[in-house]
Amino acid sequence: KRRGENIEVAEPRNKLPGPAPSMPTDPALYSGPFPFYRRPSELGCFSLDAQRQYHGDAQALRYYSPPPTNGQGPNFDLRDGYPDRYQPRDEEIREGLDHLLRWLLDHRGQLEGGPGWLAGAIVTWRGHLTKLLTTPYERQEGWQLAASPFQGTLYLSEVETPAARAQRLARPPLLRELMYMGYKFEQYMCADKPGSSPDPSGEVNTNVAFCSVLRSRLGNHPLLFSGEVDCIDPQAPSTQPPTCYVELKTSKEMHSPGQWRSFYRHKLLKWWAQSFLLGIPNVVAGFRNPEGFICSLKTFPTMEMFEYVRNDRDGWNPSVCMNFCAAFLSFAQNTVVQDDPRLVYLFSWEPGSPVTVSKHQDAPYAFLPTWYVEAVTQ
Ligand code: 0WD
Ligand code: CA
């Protein structure tokens, strides 16, 4: 072929210049001392109502109200109200970072940390960071994270993988009911006002959410992230959020030491990662029997969860989780060189493989809404 005729010399559009960057996820590569993680402080909050509308206040915050501990344990029927008193959120609506960006738009003038703090920070959902923390130990579900650099800030928003979408659309009826049961447990454990009692007679509407917005730092990565909080404990030793927040979980009742071991290795890792990031000190677990009744409760202090696997060869290690996350954030910052809200660096990971990157422009991956970009570009 003559020079200039070979169209194959043109780089494919999604390829990055230079050798294809990738990042391994093996736990052994991330052991070592626990990295610096700034105690998360709450910058503010917002609520989503029954119609999934944003409110810049705490109206959706509920109050921890466990059953009296006299005599026998609880007897919560988690299947009550299913499906007739269930209003599930429309999962086809991809919200991306929109609610968090709305909060940021309203509060960017009042951010602490000095001028330019936001430029240099990473903005994302807590749930995305949870997925990063657990990646070195995850063997089932991969993820895709879209990264857009805008005015020095790196915005990270999850993209549903084709496999996750297929699974969601084909979700078995029993799994749908199980999801409901998790929300029903919250209704048995939370009151709408401090000092009042839970009312499980109403509907379960998963559009409703209370989200805390926090500032932290992992290594040299300043973080601004938001996470959904189940409730506040009005009797907590400290009234300062996030240390007064409580995370609620349900899990299958366990009977054998093997079942407990597996619970410590898998579930407790996810519970730890999620609550540690936000600074929630306690996770209250309700254990359900095969009939779907919660018959016992147990509080797991977040800072004690690692003790259950500390001496387990097949356990997890908080340092590995945090070192991996810090390394990923550095990898992302180094990959993203050009500042442009229409650009998306798509980080993809499947268990057993390294993290890979591809570069995209505009639809379908660009996720920073024009109302945000235009308001901030002044
Ligand atoms: O659109 C998406 N793909 C996502 C949306 C992914 C992750 C989060 N979000 C939104 C949710 O709509 C929710 O309002 O962000 C908010 C929560 O963010 P998060 O705290 O960062 O998420 P995560 O830590 O994964 O989950 C916290 C709670 C869950 O409690 P459990 O006990 O199951 O971990 O938020 C709820 C759920 O109750 N939740 C959701 N609710 C509705 N839609 C969703 C979702 N996609 N994901 C988590
Ligand atoms: Ca929960």
Side-chain angles (χ1 to χ4, degrees), residues 40 42 45-55 60-62 64 78 86-103 122-134 138 141 143-146 155-162 164-165 167-168 171 175-176 178-190 204-214 216 223-232 242 245-251 267-280 282-286 288 294 297 299-300 302 365 367:
E42 185 172 81
C45 66
F46 59 87
S47 295
L48 304 174
D49 67 19
Q51 286 76 41
R52 201 71 180 171
Q53 293 306 302
Y54 176 98
H55 300 268
L61 178 58
R62 291 183 293 179
Y64 182 62
L78 299 185
Y86 185 28
Q87 302 282 355
R89 187 184 81 94
D90 180 354
E91 292 176 275
E92 276 299 299
I93 299 174
R94 314 309 312 160
E95 296 175 331
L97 299 184
D98 291 10
H99 300 305
L100 173 53
L101 297 178
R102 168 75 195 273
W103 183 91
I122 287 166
V123 171
T124 191
W125 285 111
R126 179 269 310 271
H128 302 356
L129 295 173
T130 305
K131 286 200 178 176
L132 289 171
L133 259 63
T134 59
E138 177 63 43
E141 275 160 27
W143 47 254
Q144 289 192 312
L145 270 179
Y155 297 85
L156 292 179
S157 181
E158 189 179 20
V159 174
E160 189 177 38
T161 63
R165 175 173 168 81
Q167 270 191 25
R168 171 168 65 78
R171 192 178 288 148
L175 206 57
R176 289 170 200 264
L178 213 54
M179 286 179 63
Y180 170 81
M181 290 161 71
Y183 294 110
K184 188 68 188 175
F185 177 58
E186 296 176 5
Q187 201 186 48
Y188 280 111
M189 296 287 288
C190 300
V204 168
N205 185 321
T206 59
N207 289 296
V208 180
F210 168 77
C211 294
S212 171
V213 182
L214 304 105
S216 182
L223 303 173
L224 188 152
F225 60 93
S226 175
E228 193 174 325
V229 169
D230 290 333
C231 55
I232 182 171
Y245 292 150
V246 179
E247 171 66 33
L248 302 171
K249 295 286 185 195
T250 63
S251 200
K267 244 181 183 174
L268 224 43
L269 163 61
K270 304 218 163 155
W271 293 6
W272 171 80
Q274 185 186 42
S275 287
F276 177 77
L277 277 165
L278 217 146
I280 297 188
N282 290 297
V283 177
V284 175
R288 60 179 145 72
I294 294 288
L297 301 173
T299 298
F300 292 91
T302 306
Y365 289 112
F367 62 86

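In listed order, ligands and their atoms are each counted from 1.
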Glu247, N/O/S atom nearest the Ca ion (ligand 2): OE2
Are [X] and [Y] side-chain neighbours, meaning at least one heavy-atom pair lies under 4.5 Å?
{"X": "Phe185", "Y": "Ile294", "value": "yes"}
{"X": "Arg171", "Y": "Leu178", "value": "no"}
{"X": "Leu133", "Y": "Trp272", "value": "yes"}
{"X": "Gln167", "Y": "Glu141", "value": "yes"}
{"X": "Phe46", "Y": "Ser226", "value": "yes"}
{"X": "Val229", "Y": "Pro242", "value": "no"}
{"X": "Trp125", "Y": "Cys211", "value": "yes"}
{"X": "Tyr86", "Y": "Thr206", "value": "yes"}

Flag [atom] as yes if some protein heavy-atom distance to it falls below 4.0 Å, otherwise no.
{"atom": "atom 9 (N) of ligand 1", "value": "no"}
{"atom": "atom 42 (C) of ligand 1", "value": "yes"}
{"atom": "atom 37 (C) of ligand 1", "value": "yes"}
{"atom": "atom 47 (N) of ligand 1", "value": "no"}
{"atom": "atom 29 (C) of ligand 1", "value": "no"}

Exercise: do Ser212 and Glu42 side chains pair donor with acceptor under 3.5 Å: yes
What protein heavy atom is closest to [atom], reported as residue, atom name and distance in Å?
{"atom": "atom 17 (C) of ligand 1", "value": "Glu228 CB, 3.5 Å"}
{"atom": "atom 45 (C) of ligand 1", "value": "Arg89 NH2, 3.6 Å"}
{"atom": "atom 24 (O) of ligand 1", "value": "Arg126 NE, 2.8 Å"}
{"atom": "atom 5 (C) of ligand 1", "value": "Trp125 NE1, 4.8 Å"}

Any donor-acceptor pair under 3.5 Å from Arg52 side chain to Asn207 backbone: yes
Arg126 side-chain N/O to Gln274 backbone N/O, donor-acceptor pair under 3.5 Å: yes
Interfacing atoms of ligand 1 (cut-off 4.0 Å, heavy-atom, [X]):
{"X": "Gln274", "result": "23 (P), 24 (O), 26 (O), 27 (C), 34 (O)"}
{"X": "Tyr183", "result": "37 (C), 38 (O), 41 (N)"}
{"X": "Gly227", "result": "20 (O)"}
{"X": "Glu95", "result": "12 (O)"}

Return yes when at least one N/O/S atom of [X] is nearer than 3.0 Å to the Ca ion (ligand 2), and no when none is.
{"X": "Gly182", "value": "no"}
{"X": "Glu186", "value": "no"}
{"X": "Asp230", "value": "yes"}

Decide whether an N or O pair under 3.5 Å exists between [X] and ligand 1.
{"X": "Asp230", "answer": "no"}
{"X": "Gly127", "answer": "yes"}
{"X": "Thr130", "answer": "no"}
{"X": "Glu158", "answer": "no"}
{"X": "His128", "answer": "no"}

Candidate pair Lys131 and Leu145, rule side-chain contact (heavy atoms from CB on, under 4.5 Å), full reasoning: CA-CA 10 Å; Lys131 286 200 178 176; Leu145 270 179; over 6 Å; no
Option set Arg52, Arg94, Glu160, criterion heavy-atom distance to atom 1 (O) of ligand 1, minimum: Arg94
Look at ligand 1 and say whether [X] reaches it with a heavy atom at a distance under 4.0 Å.
{"X": "Ser226", "answer": "yes"}
{"X": "Phe225", "answer": "no"}
{"X": "Glu247", "answer": "yes"}

Arg94 bridged to Glu158 by N-O distance under 4.0 Å: no
N-O pairing of Glu91 and Arg165 below 4.0 Å: no
Residue pair Val284, Met189: steps toward the side-chain contact (heavy atoms from CB on, under 4.5 Å) verdict: CA-CA 10 Å; Val284 175; Met189 296 287 288; 3.9 Å; yes
Ring geometry between His99 and Tyr54 (parallel below 30°, tilted from 30 to 60°, perpendicular above 60°): parallel
Ligand 1-proximal atoms of Lys249, by part, heavy-atom distance under 4.0 Å: side chain
